[in-house]
Asker: 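There's a structure below that I have some questions on.
The residues of the chain are indexed from 1 along the displayed sequence.
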Amino acid sequence: MTIAPDEYASAELGPDGIDTVGTTAFLACRLDAPSVLIEAALTMLYQTPELIPGLIPRAHAAEWQGLALHPTARRFYQTAVVVE
């Protein structure tokens, strides 16, 4: 993913922005976090209409098997119904 220079103007990223990994903070949390909290946060992030344009699609997040996702997050992503 690329962080565009206009997203963080004070960082002076340059005209092409900066390439970074696609992992976002919401994919990671403490394993002892309450499942209900994880479910509520992810449900809110992926509600319709889109709350955050350009958010990583659920199907893509489910493909990232190497990440130590919270078990509830892993189930959330794996049970995504992809409608495209």
Asker: Evaluate whether atom CD of E12 has more than 12 neighbouring non-hydrogen atoms of other residues, nucleotides or ligands under 6.0 angstrom away.
Answerer: no
Asker: Specify the closest pair of heavy atoms between S35 and T72, including all atoms of both residues, with the distance to one decimal.
Answerer: OG-OG1, 2.8 Å
Asker: Measuring from atom CZ of F76 to atom CD of E39, what distance do you get when rounded to the nearest 0.5 angstrom?
Answerer: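 CD of E39 is found 6.0 Å from CZ of F76.
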Asker: Determine yes or no for a side-chain-to-main-chain donor-acceptor pair under 3.5 angstrom, with H70 supplying the side chain and A33 the backbone.
Answerer: yes
Asker: At what distance, to the nearest 0.5 angstrom, does CG of L45 lie from CD1 of I56?
Answerer: 12.0 Å
Asker: What pair of heavy atoms forms the shortest contact from P5 to P15, and how long is it?
Answerer: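 Looking at all heavy atoms of both residues, the closest pair is CG-O, 3.7 Å.
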Asker: To the nearest 0.5 Å, what is the distance between CG (L42) and CE (M44)?
Answerer: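 If we round to the nearest 0.5 Å, L42:CG and M44:CE are 11.5 Å apart.
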Asker: To the closest 0.5 Å, what do you measure between CG (L55) and OH (Y46)?
Answerer: 4.0 Å
Asker: Would you mind reporting whether Y77 and L69 have side-chain heavy atoms less than 4.5 Å apart?
Answerer: yes
Asker: Could you tell me if the side chain of P71 sits less than 4.5 Å from the side chain of L31, heavy atoms only?
Answerer: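 Sidechains of P71 and L31: in contact.
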